[in-house]
Q: 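My questions will all concern the structure given below.
It should be emphasised that the depicted structure is a prediction, and the values quoted were computed from it without experimental measurement. Only heavy atoms go into these numbers, but all of them, side chains included; no hydrogens, no water, no symmetry mates. Naming: A, B, ... by sequence-line order, numbering from 1 per chain.
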Protein chains: 2
Amino acid sequence: MESRTAVTCCRPLLAGRLTIAESQAIAPVFRVLGEPARLQILSAIAAQPAQEVRACELVESLGLAQPTVSYHLKLMFEAGLLAKERRGTAIYYRLVQEQLAALRAVLG
Amino acid sequence: MESRTAVTCCRPLLAGRLTIAESQAIAPVFRVLGEPARLQILSAIAAQPAQEVRACELVESLGLAQPTVSYHLKLMFEAGLLAKERRGTAIYYRLVQEQLAALRAVLG
DNA sequence: TATCAATATTGATGATCGTCGATAAACTCA
DNA sequence: TGAGTTTATCGACGATCATCAATATTGATA
């Protein structure tokens, strides 16, 4: 389950001037990365052997309230950085590598 | 003239769990990228033949007030994304490619 | 020194953000 | 169906942010 289309649409930042529309499409994704708790969530997922994590595990390991974690997960999902899948009671989140690669491309 | 040491210090996001200190060091740099006007400034600099731009040129081309542009430039300078140099009356800003490369590395 | 041009800072504003408690919703299983 | 578990949403709060007008600062030049 994914949400936003990848930012792959956009030229690299350094290859010609961005239009207003382009900058408005890319900026929110970087802004989502601009929060320590969210970076920790991403790295926590990457550190899992299965490359995925249940939301409730993050609540324990981040030391944040459950609604706060849910809020961060929602933002990253909407930014196309995370995919989610329901299995039983739990919801598993995993990284969307394509979106991370797209961001690398924008920076290069 | 540069300010912040590169975020090159940090392991890639996907190579093991970030410490709180690491995430708090990296996040502000991404947050600075999370604003359309600032992305436009970066791309505007990259689009210049000389790879640099005078602050006053940006005021004209961005359609923002001069204090606003100065504010954005300051944030990017402090984030290590821009370097500046005074020549005569004007101050020229250019990209710090090392910092952009460091961010790519964090994402990969 | 005085004036001018370019940039930075200050102070104020409305808007957005991160956080949490309380509550709702979704799903499983007995 | 009903109880239990997991996740999402709501409402409110303090804090931070982007923006601008006004003003200060810096450096060049007459």
Side-chain angles (χ1 to χ4, degrees), chain A residues 1-3 20 23-24 26-42 44-45 48 50 52-79 81-94, chain B residues 1-3 18 20 23-42 44-45 48 50 52-79 81-94:
Chain A
M1 189 179 177
E2 299 186 7
S3 69
I20 295 181
S23 63
Q24 287 176 341
I26 304 174
V29 186
F30 281 121
R31 187 180 319 179
V32 165
L33 289 178
E35 176 64 31
R38 294 195 281 263
L39 291 181
Q40 286 196 271
I41 289 175
L42 293 180
I45 296 176
Q48 295 290 325
E52 65 182 7
V53 76
R54 301 204 321 268
C56 63
E57 300 177 48
L58 291 169
V59 174
E60 301 171 14
S61 65
L62 286 186
L64 292 172
Q66 180 269 325
T68 304
V69 173
S70 185
Y71 164 74
H72 287 312
L73 289 171
K74 180 184 182 183
L75 285 189
M76 288 194 285
F77 173 74
E78 291 176 346
L81 291 165
L82 292 183
K84 61 181 171 181
E85 180 189 354
R86 170 153 237 147
R87 284 211 296 282
T89 322
I91 294 185
Y92 290 77
Y93 284 89
R94 64 174 193 279
Chain B
M1 188 178 177
E2 299 186 9
S3 68
L18 294 180
I20 295 182
S23 62
Q24 287 177 341
I26 304 175
V29 185
F30 281 121
R31 188 179 328 182
V32 165
L33 290 178
E35 176 65 28
R38 293 195 281 264
L39 291 181
Q40 286 196 270
I41 289 174
L42 293 180
I45 296 176
Q48 294 290 325
E52 64 182 7
V53 77
R54 302 203 320 269
C56 63
E57 299 177 49
L58 291 170
V59 174
E60 300 171 17
S61 64
L62 287 186
L64 292 173
Q66 179 268 325
T68 304
V69 173
S70 185
Y71 164 74
H72 288 309
L73 290 171
K74 180 184 182 182
L75 286 188
M76 289 194 283
F77 173 74
E78 291 175 346
L81 292 165
L82 292 183
K84 61 180 171 181
E85 180 189 354
R86 170 154 235 146
R87 285 210 297 281
T89 323
I91 294 185
Y92 289 78
Y93 284 89
R94 62 175 193 279

Q: In whole Å, I'd like the distance from the OH atom of Tyr92(A) to the C1' atom of dT6(D).
A: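 Value for this atom pair: 11 Å.
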
Q: Whole Å only: how far is the CZ atom of Arg31(B) from the P atom of dT16(C)?
A: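 That distance rounds to 17 Å.
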
Q: Starting at the 5' end of DNA chain D and moving along, which residue's nearest nucleotide shows up first, Leu75(B) or Tyr71(A)?
A: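 Residue closer to the 5' terminus by nearest nucleotide: Tyr71(A).
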
Q: What distance separates Arg94(A) CZ from Gln48(A) CD, expressed to the nearest 0.5 Å?
A: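 Between atom CZ of Arg94(A) and atom CD of Gln48(A) there are 14.5 Å.
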
Q: Just checking Leu58(A): base, sugar-phosphate only, or nothing, at a heavy-atom cut-off of under 4.0 Å?
A: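 Nothing, no nucleic acid heavy atom in range.
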
Q: Between Met76(A) (CE) and dG18(C) (C1'), how many Å, whole number?
A: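 So the CE-C1' distance, Met76(A) to dG18(C), works out to 13 Å.
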
Q: Starting from P on dC17(C), measure out to CD on Glu35(B) and report it in whole angstrom.
A: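 Rounding to the nearest Å, CD of Glu35(B) and P of dC17(C) are 11 Å apart.
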
Q: Using a cut-off of strictly less than 4.0 Å, decide whether Lys74(B) has a side-chain nitrogen or oxygen near OP1 or OP2 of dT9(C).
A: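 Checking dT9(C) against Lys74(B), a side-chain N or O does come within under 4.0 Å of OP1 or OP2.
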
Q: Side-chain donor or acceptor of Gln66(B) under 3.5 Å from a matching atom on the base of dA6(C)?
A: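 Not at all, since no donor on one side and acceptor on the other fall under 3.5 Å apart.
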
Q: Between atom CD in Glu57(A) and atom P in dT5(D), what is the gap in whole Å?
A: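 Taking CD of Glu57(A) and P of dT5(D), I get 17 Å after rounding.
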
Q: Just call it for Arg38(B): base, sugar-phosphate, or nothing, with non-hydrogen atoms closer than 4.0 Å on any strand.
A: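 The residue Arg38(B) makes sugar-phosphate contact but no base contact.
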
Q: Please pick, from dT19(C), dT19(D), dA8(C), the nucleotide with the shortest atom-to-atom distance to any side-chain atom of Thr68(B).
A: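 Nearest to the side-chain atoms of Thr68(B), counting from C-beta on, is dT19(D).
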
Q: How close do Leu73(B) and Ala55(B) get, heavy atom to heavy atom, and via which atoms?
A: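 Heavy-atom minimum between the residues: CD1-CB, 3.8 Å.
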
Q: Of the listed nucleotides (dG21(C), dC20(D), dT7(D)), which one gets closest to any side-chain atom of Ala65(A)?
A: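 Side chain of Ala65(A) sits closest to dG21(C).
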
Q: Can you name the closest pair of heavy atoms from Pro28(B) and Ser23(B) and give their distance?
A: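 What the structure gives for the nearest pair is CD-O, 4.4 Å.
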
Q: Which pair of non-hydrogen atoms, one from Ile41(A) and one from Leu62(A), has the smallest distance, and what is that distance?
A: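 Answer, listing the atom of Ile41(A) first, then Leu62(A): CG1-CD1, 3.3 Å.
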
Q: Need to verify one output field. Residue with the more 5' nearest nucleotide on DNA chain C, Arg86(B) or Gly88(A)?
A: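 In this pair, the answer is Arg86(B).
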
Q: Compare every heavy atom of Leu18(B) with every heavy atom of Gln40(A), then report the nearest pair and how far apart it is.
A: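 Taking Gln40(A) first and Leu18(B) second, the nearest heavy atoms are NE2-O, 3.6 Å.
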
Q: What's the shortest heavy-atom distance between Leu58(A) and Ala44(A), and which atoms?
A: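 Reported closest heavy-atom pair: CD2-CB, 4.1 Å.
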
Q: Atom CG of Leu73(B) and atom P of dT7(C): how far apart are they, to the nearest Å?
A: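 In whole Å, dT7(C) P and Leu73(B) CG are 9 Å from each other.
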
Q: Please state how far atom CZ in Phe30(B) lies from atom P in dC17(D), giving the value in whole angstrom units.
A: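 About 17 Å, once rounded to whole Å.
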
Q: What's the closest nucleotide to the Leu64(A) side chain, out of dC20(C), dT7(D), dT7(C)?
A: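 It is dC20(C).
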
Q: Tell me what Tyr93(B) touches on the nucleic acid: a base, only sugar-phosphate, or nothing, going by heavy atoms under 4.0 Å.
A: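 Answer is sugar-phosphate: Tyr93(B) comes under 4.0 Å of backbone atoms only.
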
Q: Counting heavy atoms from C-beta on, name the nucleotide in dC17(C), dC17(D), dG21(C) closest to the side chain of Pro67(A).
A: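 That would be dG21(C).
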
Q: Map Thr89(A) and Ile91(B) onto DNA chain C by nearest heavy atom, then report which one ends up closer to the 5' terminus.
A: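 Result of the comparison: Ile91(B).
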
Q: Starting at NZ of Lys84(B) and ending at P of dA6(C), how long is that distance when rounded to a whole Å?
A: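 Checked: the NZ to P distance equals 17 Å.
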
Q: At less than 4.0 Å, is any side-chain N or O atom of His72(B) found next to OP1 or OP2 of dT19(D)? Yes or no.
A: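 Indeed, a polar side-chain atom of His72(B) lies that close.
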
